[in-house]
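Quick notes on the structure that follows.
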Amino acid sequence: MENKAQIAHRCLLLENKAVTGDWFLLTLQAPLPLQARPGQFVQLRLGPGTDPLLRRPFSIHHEDSIAGRLRLLVRVAGAGTARVAAFVAGQEIDLLGPFGQGFPYPEEKAKALLVGGGIGMAPLYFLAAQRRREGLPFDFLIGGRSAASLPADAYFREHRLEPSLATEDGSRGFRGTVTALLEHRLLTGPQPGRIHACGPLPMLARVAEIGRARGIPTHVSLESRLACAVGACLGCAFPFHRDGAVEYRRVCRDGPVFNGEEVCFES
Amino acid sequence: MENKAQIAHRCLLLENKAVTGDWFLLTLQAPLPLQARPGQFVQLRLGPGTDPLLRRPFSIHHEDSIAGRLRLLVRVAGAGTARVAAFVAGQEIDLLGPFGQGFPYPEEKAKALLVGGGIGMAPLYFLAAQRRREGLPFDFLIGGRSAASLPADAYFREHRLEPSLATEDGSRGFRGTVTALLEHRLLTGPQPGRIHACGPLPMLARVAEIGRARGIPTHVSLESRLACAVGACLGCAFPFHRDGAVEYRRVCRDGPVFNGEEVCFES
Amino acid sequence: MKADPRLAVNLAGIAMRNPLIAASGCYGYGFDYAAWVDPAEWGAIVVKGTTLRPRPGNPPPRIVETPSGMLNAIGLQNPGVEYFLETISPRLNALGCPAIVNIAGETIAEYRAVAGLLDGAPGVSGVEVNISCPNVQCGGISFGCDPAVVEELVRQVRGAYRGPLLVKLSPEAGSLTEVARAAERAGADALSLINTIRGMVIDVEARRPVLENLTGGLSGPAIRPVAVRAVWEVAGAVSIPVVGLGGITSAADALQFILAGATAVAVGTANFVEPYAVREIKAGLLGYLAKNGLKHYRELIGAAKT
Amino acid sequence: MKADPRLAVNLAGIAMRNPLIAASGCYGYGFDYAAWVDPAEWGAIVVKGTTLRPRPGNPPPRIVETPSGMLNAIGLQNPGVEYFLETISPRLNALGCPAIVNIAGETIAEYRAVAGLLDGAPGVSGVEVNISCPNVQCGGISFGCDPAVVEELVRQVRGAYRGPLLVKLSPEAGSLTEVARAAERAGADALSLINTIRGMVIDVEARRPVLENLTGGLSGPAIRPVAVRAVWEVAGAVSIPVVGLGGITSAADALQFILAGATAVAVGTANFVEPYAVREIKAGLLGYLAKNGLKHYRELIGAAKT
Ligand SMILES: Cc1cc2nc3c(=O)[nH]c(=O)nc-3n(C[C@H](O)[C@H](O)[C@H](O)COP(=O)(O)OP(=O)(O)OC[C@H]3O[C@@H](n4cnc5c(N)ncnc54)[C@H](O)[C@@H]3O)c2cc1C
Ligand SMILES: Cc1cc2nc3c(=O)[nH]c(=O)nc-3n(C[C@H](O)[C@H](O)[C@H](O)COP(=O)(O)OP(=O)(O)OC[C@H]3O[C@@H](n4cnc5c(N)ncnc54)[C@H](O)[C@@H]3O)c2cc1C
Ligand SMILES: Cc1cc2nc3c(=O)[nH]c(=O)nc-3n(C[C@H](O)[C@H](O)[C@H](O)COP(=O)(O)O)c2cc1C
Ligand SMILES: Cc1cc2nc3c(=O)[nH]c(=O)nc-3n(C[C@H](O)[C@H](O)[C@H](O)COP(=O)(O)O)c2cc1C
Ligand code: FES
Ligand code: FES
């Protein structure tokens, strides 16, 4: 009952536009502001009928909680996200949320390093925009396969973000993975107060390792197949270290953001 | 293999507009003309995914086989037809057909009486337009609950049709059922060469009875729950009299238009 | 919570405001959805399957979507009956509706032990014996398929627990009505059906089953017709009340089960899609009663003509 | 029809161009879909269930849609084996692919008699024994649930029919693998699974079951996970080939069954929605082979890792 703002929202889809080949930016008008925190997510209904049955989770990419405008950045990964890509402006979108714990320490003044791998940059963008607005220091690192797999610079300008990019083929920014860029940054720059990361699992494992090795508190946002999203079904369990044993925690409710040191990446 | 024209059509929905409260007129551009005959039907896919799973059958309301334009007149009867009503212009519609046997004796010169009950007028409209074009005599009777439950006169003008209307509440045309209007017409006018009817089952039973009593050959278009629409699954069986016994025939392939005398309306 | 008397029911000794039950495993301990709907909206809540010892549950992935349904292989993750009694059951009165505890075990002795510990426990209005969980290796579904084993199991549990006792059946029992009668003979106060049906989804790219447990239990609208048929068969074969479940998402779905003979209905998977389902189903039931001039939903129980 | 050798298979003595079979009851006698696809596109076609005497079938409604599936209660409408032999089987060679005759009966003697009449019949490449039809009162599914009965039935049919013999199983047998092993012992050359699962839909306005037969068999994508699981279990328990079916709509679906252990797959309900399904599935299988550098789909049979 801690999250009284959780409600169902019948949003109006204001715009759905391709950002890269398979990334789509949805701009929604919610009837009420969700007042979401960066790292929280919503659950989208994909259509009427019962196939697909389950909602799909998407991080909040940005919320203008005064205007009640919401943005989701969606990568087409399968049949469900393909439906989202096909949504058309003017359509009503059935959305629940916000769910989950956001990134912690939102007001911390120490410099935060935000590390996004591919579409994993979606929630970090919200975090970065918030820190920018509040004048809190941060660096935003984003990795992708190639220049074309990441949004153009203009995409970030709306919130005066200037992320450092890394591409595996070196076609834009640093040549290499975003974790290599992170290591490079840690070698060359001052030690940040905290690392926040979101992206594919191997990348998060590496970021958590880097953070641990250097004693930098690191939080990672995990993914899992969700059903209920409220913590009731135990479907989204992910293994964690606890007192030498493995314990399952719920990505939807206990996370999706977790202390990187506790996540059991090995399994 | 008799019907080589049966193919899958990815049609463009040109227009979907409400005709009455729950009737919608869909105008489709087919890639190839179906060259359908009045009384034949198409099977519409309702959307991607598997719920609803089965296609829905709709009579061809009109085909302009030179332009490859197709019209369907759809009454919202449940979840599936509600989806059809929500289709928007510009959308691609996945349609199979044409299926089934149309109304017989298309070139017969004797006067035909076309009797439609409610949405049952959909295929008769096509038949009437065809007869009008070819200068073959006919009378078109349509029944509905009230004035508002039937299309406005203008609706029929495109094909120079001037149906005689019957409404149960007398708010438009003849006061009473369309079968009462039929009886009235038979009493007052000359005996037609043939009756073609489509509408709810009790109405069709009555029309068949009237036809039999007066020795007028009568064909009725039946409905049934369809699955395959090609005659393979035997799902759409309807009982018929044969040599004193009951025999099941396939609405989709043996019909949907049948000799009214053979239909076993009693069961 | 203003309850409508037209929906009130006493199920096997449990007084419920309405015949809607939150299905086991789909509603946690009743509190997780509280931000969405007041738990007191429900007639009763069946809490997560509880075992004698704590169970960590299965490794992920635990769920996978299927056409109009989903497979789950949670593996009965739960903190064990002792923790439940110490920490959870004292809070259950706060739900504002009866809480029923779903129990499972690997041996008949374990079932009996769990039931015995729950006997008289505060906050516990009844016990639902899960003899049909498809995701536990020892025991689980094998218990639920043999009428003789079911009879012995239920008799043992009955001996240990004096409150309202529900037995939850699997539709996979070759002879469902015999299993149902065995449970009735052994002293069950009501039967719940159906539990999930065992299924598998293979990831054709990875070339292995999606679920780490290989198989899981199929739930959701996909299984609804199977569940309605099972309720119809069993309601005609026993004289204790039946709780119908399996793919209920709407009032119309719930009515199918009631007309088939269910005294109450439970909602599982649908909550995941629509947390407000309980509210909408109640409203729909009341609308149906009004439209059909009925004074109480009870007039509809088993009322389907043939 | 240019057949691709990467899909060729000999199933229990039936040489097929590809492992795709049109499922019984869903493809008539093979000709109804000819305006859409050449029947020779199929590896084989299983024709409608045939009985000793003609059967009129059940009164309508015979079908009703369900979430991602449908129920059918056709009631084995067919003109009887004599008419079949006189009028239909002589035409089956024209299909351009092997035709397998699905048979059913109310007694073991009837099964034996039908099988005997089909022995050596022209146009008949094999027989599939349906011991699992949910829509026939006498016999039908009851046969399919008891391993001893199955063994006796298959033994009798085996004695009367010398060609390739498939036995079609119901997933509802409490002990599916035992039933499968019984059929194998009795001389089946292959097993087909699954047949439909019994279900019911109630019309809540009319307050009665939609199907005149009350219950019907559930088919379509809804049952796919149950079918994959059944194929997986049975393929691991017998050494004769398995034909997998239940909700296949795409190459990915077919691959699930093949990876689970099916040597061939059948497509039923999906034809109703997409008559071109067979063509798309074949193309999809070939695409998968190419992408994964495989020489023959056979490399995938039972290849799912655990
Ligand atoms: C908390 C949370 C926040 C998310 N935020 C975003 C976001 O902002 N933008 C975005 O594009 N995506 C986001 N995702 C991922 C997104 O939800 C999935 O891509 C989507 O659910 C896939 O649905 P689908 O039907 O398209 O794919 P499916 O067809 O269901 O699956 C596509 C592929 O992904 C795999 N898969 C599906 N779900 C998962 C999973 N949860 N974990 C691992 N593999 C999986 C499948 O095996 C398959 O290979 C988020 C996920 C979570 C849990
Ligand atoms: C050959 C043929 C031609 C048709 N032409 C037209 C047409 O031109 N315009 C039009 O609007 N409709 C037409 N129909 C009817 C139309 O197909 C149905 O209304 C539609 O399938 C219902 O789908 P639904 O999902 O909306 O309703 P559902 O939710 O499936 O059903 C709505 C209601 O109708 C009942 N029902 C559904 N199907 C049938 C059936 N076949 N017979 C009897 N009762 C049924 C259900 O029990 C329910 O009460 C035709 C049907 C056939 C067989
Ligand atoms: C995630 C999940 C967990 C479940 N856990 C249990 C359980 O612990 N005990 C039990 O008896 N049933 C359990 N079930 C089965 C449900 O209670 C219910 O019988 C089944 O899901 C069918 O109903 P539904 O289609 O409404 O979900 C579980 C179902 C799901 C989806
Ligand atoms: C309309 C219909 C009729 C069927 N008739 C038969 C039959 O006569 N004999 C049989 O063994 N199976 C019959 N079946 C079952 C199918 O062959 C198949 O086992 C089942 O539908 C599952 O496959 P699917 O989901 O691909 O349809 C029938 C199925 C349908 C839908
Ligand atoms: S999705 Fe249900 S507990 Fe996380
Ligand atoms: S719908 Fe299949 S035979 Fe008519």
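Side chains included, hydrogens not; waters and symmetry mates left out as well; all remaining heavy atoms used. Chain letters run A, B, ... following the sequence lines, proteins first, then strands; residues in each count from 1.
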Counting heavy-atom pairs under 4.5 Å with chain B, which one of D:C26, D:P59, D:P275 comes out on top? D:P59

For chain D, which of B:G49, B:S224, B:A237 has the most heavy-atom pairs under 4.5 Å? B:A237

Would [X] and [Y] count as a close aromatic pair, with their ring centres under 6.0 Å?
| X | Y | result |
| --- | --- | --- |
| B:F126 | B:H61 | no |
| B:Y248 | B:F238 | no |
| D:W36 | B:F99 | yes |
| B:F41 | B:F58 | no |

Given a strict heavy-atom distance threshold of 4.5 Å, which part of D:V47 is in contact with chain B: side chain, backbone, both, or neither?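 Looking at D:V47, nothing touches chain B.
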
Could you tell me which portion of D:P61 (side chain, backbone, both or neither) has an atom closer than 4.5 angstrom to a non-hydrogen atom of chain B? side chain

Which atoms of B:R45 are under 4.5 Å from chain D, going by heavy atoms: the side chain, the backbone, both sets, or neither?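 Contact with chain D is through the side chain of B:R45 alone.
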
Carboxylate-amine/guanidinium contact B:R225 D:E65, below 4.0 Å: no

